[in-house]
Amino acid sequence: MANQIIFQHIRTDKLWALPVYESLGGYAALRKILSEKIPPENVIAEVKKSALRGRGGAGFPTGLKWSFMPRQYPGDKYLVCNSDEGEPGTFKDRDILRYNPHILIEGMAIAAYAMGIKVGYNYIHGEVLECYERMEAAVEEARAKGYLGERIMDSDFGFQLYNHMGYGAYICGEETALLESLEGKKGQPRFKPPFPASYGLYGKPTTINNTETFAAVPWIINNGGEKFLEIGKPNNGGTKIFSVSGHVAHPGNFEVPLGTPFKDLLAMAGGMRGGKKLKAVIPGGSSMPVLPADIMMQTDMDYDSIAKAGSMLGSGAVIVMDETTCMVKALERLSYFYYEESCGQCTPCREGTGWLYRAVHRIEHGQGRKEDLDLLTNVADNIAGRTICALGDAAALPVKSFIQHFRSEFEHHIEHKRCLVGPGAVREAERKVA
C-alpha cells in the first residue's frame, strides 16, 4: 500500500531476520547519523519537524519530549520503550515486535544517540511470549553485528538494549507504573510531577515512547521530517497503524496516512460484516468515548479531527459495532474490565469502577432503576480527573459517552427489562408474532 512506513515490507519473508532487514535498507538511518556525525540536536530538530506524535495514546509531540531530556546530565539516563500493549482492541505493537523487530531497535538506538543515553529497556506485555522471544533473538543479532553495544559502527556512541517481560497487568501500560514494574516493584502509578524526564527509572532522567513511535524514526531520518509531515496533515505527521476489530469483514492492522477518512478505513477492512449497518465506533481503544455512526462516517482519522468529533485517537484501536449490538451489554463488558484492572491505589478509581460496573450490570440484567443513569453520570464525573493516572478517566469516559449517545437503549432496558436490540429483542418480537 502506498505511503506505508512501518509496514512497508511487512509481507517480506522472514523480515524479522537481520540479513533480510539489512537488505531492505535496515540500519541505514543509524549508519547515516554516525558516519556523517550529525549533531544530536539536529536529529531532535528533524523529529520535531516531522510532527511525529506519540502513538501509544497521549499523542504528545515526540521531538518535544526528546528535547526535555537533559543531554549534559552527568549521571545515568535511560530510554524505555512501552510495548505493554494491553488496551482492549489494540494489537498493532505486537505485529511490529513479531514481524519487524529491528526497526524498533534501530529507532531506539537513534533516539538514544539524540538524547545521549547509553542504556534502554523494552517493556513487553506479559501475555505475548512469542513477541518477547522474537525481540530477544533480534537484540542478540543486532549486538553480534555491532548495532548495539560499545562503539557502534566504530563511532564513539554506545547503546545497550534489554528486553523486559511484564506480567500482563493493564496498569503497567501507564508510564510511571511501568517504571515501578521495571524496578521490581508493584506496578502502581507515581504522582507527577516529577515527570520521568527529570525523575524516571531508578530516579534518573528517562524518556518513554511507544513501540510504533520509535519504529517511525528510521524513516524520518532517511527521508526527512518534512516528507513525513507531508504524508499526514498539519500537526498530524506521517502514517498511523489502526487496529480495526469488531463487526467488519476483514479485521486487522491497517497503516494509513493520518487524516484518512474513517469511511475509507472501513472499506479497507472489507466494510461491515454480513452487510449490516454501522451503529457505533470506539475510535481509539476501549478507554475512549464511543461515537455513533453518523458522526463517525463524517470524521477523518487523525488526532484533531477525532477530538473535534468528541472522542480521541488514543492507541488507534478502532472497535466497530453494527446494528445488532446491545450498547448496554457492550458497556457492561468494558466497565468490568476497568473494575478488574484498577490497581486500587486511588479511592475514586478503586471504589468508583466497582460502582460503575455494578450499576451497568444491574441495568443489563433487568434490575435497573430510573435513577441509575444519573447515578452513573455522577459517579463518572467524580472519578475523572481525581486519580493519579488516567485509568479513572478511562473507566469514566466510556460510561458517559455511551449514555450520551445511546440513552434510549439504557432507558428501554430499565423500563422493559430486556434489550432494545440483539438476540433478546429478536426472541421477544418472534413471541409477539406467534
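For the numbers below, each heavy atom of this structure counts, side chains included, while hydrogens, waters and symmetry mates do not.
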(message) Please report the interatomic distance OH(Tyr123) to CG(Asn82), rounded to the nearest 0.5 Å.
(response) 9.0 Å

(request) Output yes when a side-chain donor or acceptor of Ser311 lies under 3.5 Å from a complementary backbone atom of Met288, and no otherwise. (result) no

(request) Please check if atom NZ in Lys186 has more than 12 non-hydrogen atoms from other residues, nucleotides or ligands closer than 6.0 Å. (result) no

(request) Report the distance from atom CE of Met321 to atom CE of Met272, rounding to the nearest 0.5 Å. (result) 9.5 Å

(message) Looking at Ser286, is its backbone amide N or carbonyl O close enough to the side chain of Glu87 to form a donor-acceptor pair, meaning the two atoms are under 3.5 Å apart?
(response) yes

(request) Indicate yes or no for a side-chain donor-acceptor contact from Glu255 to the backbone of Ile6 under 3.5 Å, with no hydrogens or angles considered. (result) yes

(request) Return the set of residues passing ring-ring contact (aromatic ring centres under 6.0 Å, His included) with Phe262 (not counting sequence neighbours), or none when no residue passes. (result) none

(request) Could you walk me through whether Gln188 and Glu180 pass the side-chain contact (heavy atoms from CB on, under 4.5 Å) test, one step at a time? (result) CA-CA 7 Å; Gln188 288 188 322; Glu180 289 287 292; 5.6 Å; no

(message) Please report the interatomic distance CZ(Phe195) to OG1(Thr176), rounded to the nearest 0.5 Å.
(response) 10.5 Å

(request) Would you check if Glu133 and Arg98 make a side-chain contact, meaning some heavy-atom pair closer than 4.5 Å? (result) no

(message) I'd like to know if the side chain of Glu85 and the backbone of His125 have a donor-acceptor N/O pair within less than 3.5 Å.
(response) no

(message) Apply side-chain contact (heavy atoms from CB on, under 4.5 Å) to residues Tyr21 and Glu106 and explain how you reach the verdict.
(response) CA-CA 11 Å; Tyr21 182 69; Glu106 184 176 9; 2.6 Å; yes

(request) Among Tyr338, Tyr336, Phe337, find the one that has a ring pair (Phe, Tyr, Trp, His ring centres under 6.0 Å) with Tyr357. (result) Tyr336

(request) In sequence, state the C-alpha distance, the side-chain angles, and the governing distance for Phe402 and Leu334, and then conclude on side-chain contact (heavy atoms from CB on, under 4.5 Å). (result) CA-CA 11 Å; Phe402 269 70; Leu334 289 178; 4.0 Å; yes

(request) Could you go through the side-chain contact (heavy atoms from CB on, under 4.5 Å) check for Leu313 and Arg53 one step at a time? (result) CA-CA 11 Å; Leu313 187 73; Arg53 295 171 65 167; over 6 Å; no

(message) Nearest 0.5 Å, please: how far is CD1 in Ile110 from CD1 in Ile44?
(response) 12.5 Å

(request) Please determine, by modelled atom types, if Ser315 and Thr90 share a side-chain donor-acceptor pair under 3.5 angstrom. (result) yes

(message) Using a 3.5 Å distance criterion without hydrogens, assess whether the side chain of Asn100 forms a donor-acceptor pair with backbone atoms of Ile10.
(response) no

(message) So for atom OH, which belongs to Tyr303, do other residues, nucleotides or ligands contribute more than 12 heavy atoms lying within a distance under 6.0 Å?
(response) yes

(message) How long is the straight-line distance from CG of Leu179 back to CZ of Arg190, given to the nearest 0.5 Å?
(response) 5.0 Å

(message) Tell me whether the rings of Trp16 and Tyr99 are parallel (<30°), tilted (30 to 60°) or perpendicular (>60°).
(response) tilted

(message) If we ignore hydrogens and angles and just use 3.5 Å, is the side chain of Ser155 paired with the main-chain N or O of Ile152 as donor and acceptor?
(response) yes

(request) Report the residues that fulfil salt bridge (Lys or Arg N to Asp or Glu O under 4.0 Å) with Arg333, sequence neighbours left out, ordered by chain and then residue number. (result) none

(message) Under a 3.5 Å cutoff, is there a donor and acceptor pairing between the side chains of Asp93 and Ser83?
(response) no

(request) May I ask you to decide whether Arg407 forms a salt bridge with Asp374, counting only side-chain N to carboxylate O separations under 4.0 Å? (result) yes

(message) Return the CD1 to CD distance between Ile124 and Glu130, rounded to the nearest 0.5 Å.
(response) 11.5 Å

(request) Decide, yes or no, whether a salt bridge links Asp76 with Lys118 under the criterion of side-chain N to carboxylate O below 4.0 Å. (result) no

(message) With a 4.0 Å cut-off on N to O distance, would you call Glu46 and Lys49 a salt bridge?
(response) yes

